[in-house]
Amino acid sequence: MDFDKDTNHFDEAMEYLYSRTNYETFITIPYEQMAVNLARVRSFLDFTGAPDRELKIIHVAGTKGKGSVCAFLAAALQRAGHKTGLFTSPHLHSILERFQVNGENIDANLFADTLLHLADKWTEFSNEADPLTFFEWSFLVAIHIFSQMGCDYVVLETGLGGRFDATNVCRPVVSVITSIAWDHMEQLGNSLDSIAMEKCGIIKEGVPVVSGVGSSLLFCDDESSEDGPHVITPNDVAMIRALIEQKAQEKRAPMRQVTGVSEPIAKMKLGLVGRHQKWNAETAWQTLCQLPEANVSFKEFNEAVAEVHLPGRLELISRVPLIILDGAHNRSSVAALCDTVTSEWPEYGKTLLFASSRGKDIQGMFAEFFPVFHTVICTESPGTVRAVPAGELAELARNHCCKFKPQIVCQSDPHVAVETWKKCASEDELLCAAGSFYLAAALY
């Protein structure tokens, strides 16, 4: 492929990348196709020198909490003096947010040069048309850049599932599975055990695995409760933990299960708000304990996690008026969001701006929202064909608000909806936007 070297490399690279199949924009995702591409990704990495094999990789999968755990791990490793790469998704504004080294986005020219170089390499590698996706190319760029920059450790967050995810072609030094809940059921299955099985696909022969499944914030004692403030029962958690343990035994992978938050972690001040983040911090610390060669002290870990910031993840963007942005888009994440706003700001009234995408558990999210928010403004996520129409969201809301009777407002134009939402601001009102990263990005 002959690229014009006189044009802006970054624009050219972005044009190439966005011309690839991007499942993040699909209404439904052909999950099985990811399995077909997995072998191609591994073969192409080998063709380009297998740079992943020289990296010490921490591989993180899970429904909820994996972004926070990845951020805690990367910050702690950096604080201990290790050059650390971090690959996450999605991004809010710039593709470069997905690739960080020591907490900074990579250089745009380095990204462009690496992607265009790899695109040229593909023509040497194969005569067939490039079948790789947006995410797979992003992953390949990440691995090559982290190798070029001499990273000591690399933290990789899976994109979808685990078993067929592009990141799963690597052999890590430790694998991590965070909390598992209902999400992406069309691809991963309609039961918690099938979802868990897909996440367990990252467990490798002989590689230590840390399970962070089971935050007490995410389940209730009453298995018959469908509309309560929690999501998963203790029996569900026990089943998932047993499944992970079984898979670890089959792979002869030493396993550590997080069973609670230790007192030192409980007393920590974290940069991320919410009681559930203490569980994520415990998961990150237990992971670092599997890497004695990294030599991360508890003091360094404590200092690092106090400074972690994740845009669009339960983010306090204004104190006066009080405004929270959160990309929470499944029931368990919404449960954590609602727990946080009620425990941190119990005296405030609460108004929600909500948008969602096809394939999400909208009814489950509403079951969490309605006991907490007295007003729900339904709108549409900008910039995605997967957006659920505002009228459909409002109808679902009215049909499922039950005894709580919040005010339901329908406004399909997100710009008008945002203005309506902002007009609700007062000194004793909390404004929250949730349900979609697309919505969170539009509010920055």
Side-chain angles (χ1 to χ4, degrees), residues 1-3 9-25 29-31 33-61 70 74 84-91 94-101 105-151 153-172 201-202 204:
M1 189 173 295
D2 186 19
F3 291 98
H9 273 194
F10 185 72
D11 289 345
E12 193 173 1
M14 290 305 295
E15 181 180 356
Y16 181 80
L17 186 60
Y18 277 103
S19 69
R20 305 301 95 191
T21 300
N22 186 358
Y23 292 152
E24 294 173 22
T25 67
I29 302 170
Y31 187 57
Q33 182 59 38
M34 295 167 62
V36 175
N37 276 6
L38 208 59
R40 292 191 182 101
V41 172
R42 179 66 262 168
S43 295
F44 186 56
L45 269 177
D46 291 339
F47 180 79
T48 54
D52 59 302
R53 300 199 190 279
E54 64 191 37
L55 298 171
K56 287 179 279 190
I57 292 170
I58 302 172
H59 194 199
V60 184
C70 285
T84 305
L86 174 63
F87 176 65
T88 61
S89 60
H91 64 269
S94 168
I95 186 73
L96 301 178
E97 297 168 22
R98 299 183 182 222
F99 317 87
Q100 294 189 1
V101 174
N105 295 350
I106 62 168
D107 178 74
N109 288 327
L110 175 60
F111 165 82
D113 288 345
T114 303
L115 175 57
L116 298 180
H117 171 72
L118 290 174
D120 276 335
K121 282 290 184 183
W122 179 269
T123 62
E124 300 175 24
F125 169 70
S126 175
N127 291 325
E128 68 176 320
D130 165 19
L132 302 186
T133 66
F134 176 96
F135 183 83
E136 289 159 353
W137 274 112
S138 298
F139 162 70
L140 289 167
V141 168
I143 291 297
H144 278 269
I145 286 178
F146 295 152
S147 174
Q148 291 173 44
M149 295 187 69
C151 289
Y153 284 91
V154 168
V155 181
L156 292 181
E157 178 188 19
T158 58
L160 173 64
R163 182 164 62 113
F164 294 150
D165 194 76
T167 58
N168 204 30
V169 301
C170 296
R171 181 175 175 83
I202 72 167
K204 303 291 193 303

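Residue numbers count from 1 along this sequence. No experiment lies behind these values; they were computed from the predicted model shown. Scope of the values below: all heavy atoms of this structure, side chains included, with no hydrogens, waters or symmetry mates.
- The distance from the NE2 atom of His9 to the NE2 atom of His117 is 13.0 Å, given to the nearest 0.5 Å.
- Here the CG atom belonging to Leu38 is positioned 10.0 Å from the CZ atom belonging to Arg163, to the nearest 0.5 angstrom.
- Once rounded to the nearest 0.5 Å, the distance linking CD of Glu12 with CG of Leu17 reads 13.0 Å.
- Between Ser126 and Phe47 the shortest side-chain heavy-atom distance does not fall below 4.5 Å.
- A distance of 7.5 Å separates CG of Leu132 from CZ of Arg40, quoted to the nearest 0.5 Å.
- The shortest side-chain heavy-atom distance between Leu140 and Thr48 does not fall under the 4.5 Å cut-off.
- Annotation for Leu55 and Cys151: closest pair CD2-O, 3.8 Å, computed over non-hydrogen atoms.
- Of the possible polar contacts, none joining the Ser147 side chain to the Ile143 backbone as a donor-acceptor pair under 3.5 Å is found.
- Between Ala74 and Thr84 the shortest heavy-atom distance is CA-CG2, 3.9 Å.
- Across all their heavy atoms, Glu97 and Asn105 have their closest contact at CA-OD1, 3.6 Å.
- Side-chain contact between Arg53 and Asp46 is present, with at least one heavy-atom pair separated by less than 4.5 Å.
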Test side-chain contact (heavy atoms from CB on, under 4.5 Å) on Phe10 and Ile95 and set out the steps.
CA-CA 11 Å; Phe10 185 72; Ile95 186 73; 4.0 Å; yes

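- In terms of heavy-atom proximity, Met14 sits nearest to Phe111 at SD-CE2, 3.8 Å.
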Given the rule in the side-chain contact (heavy atoms from CB on, under 4.5 Å) test, do Leu115 and Trp137 qualify, once you have shown the distances and angles that lead to the verdict?
CA-CA 8 Å; Leu115 175 57; Trp137 274 112; 3.9 Å; yes

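- Using a cut-off of 4.0 Å between Lys/Arg side-chain N and Asp/Glu carboxylate O, Arg171 and Asp52 are scored as not salt-bridged.
- For CD of Gln148, the number of neighbouring non-hydrogen atoms (other residues, nucleotides, ligands) closer than 6.0 Å is greater than 12.
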Check the pair Asn168 / Lys204 against side-chain contact (heavy atoms from CB on, under 4.5 Å), numbers first and verdict last.
CA-CA 9 Å; Asn168 204 30; Lys204 303 291 193 303; 2.5 Å; yes

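- Residues Leu156 and Phe139 are in side-chain contact: their nearest non-hydrogen atoms beyond the backbone lie under 4.5 Å apart.
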Could you go step by step and tell me if Thr158 and His59 meet the side-chain contact (heavy atoms from CB on, under 4.5 Å) rule?
CA-CA 7 Å; Thr158 58; His59 194 199; 3.3 Å; yes

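- Here the side chains of Phe99 and Ser138 are in contact, with some heavy-atom distance below 4.5 Å.
- You'll find the side chain of Phe135 stays beyond 4.5 Å of the side chain of Pro90, heavy atoms only.
- Shown here for Ala61 and Ile202, the closest heavy-atom pair between the two residues is CB-CD1, 3.8 Å.
- A side-chain donor-acceptor contact under 3.5 Å links Arg20 to the backbone of Tyr16.
- The two residues Pro51 and Leu45 make their nearest non-hydrogen contact at CD-O, 3.8 Å.
- Taken from CZ in Phe146 to OG1 in Thr114, the straight-line distance is 11.0 Å, to the nearest 0.5 Å.
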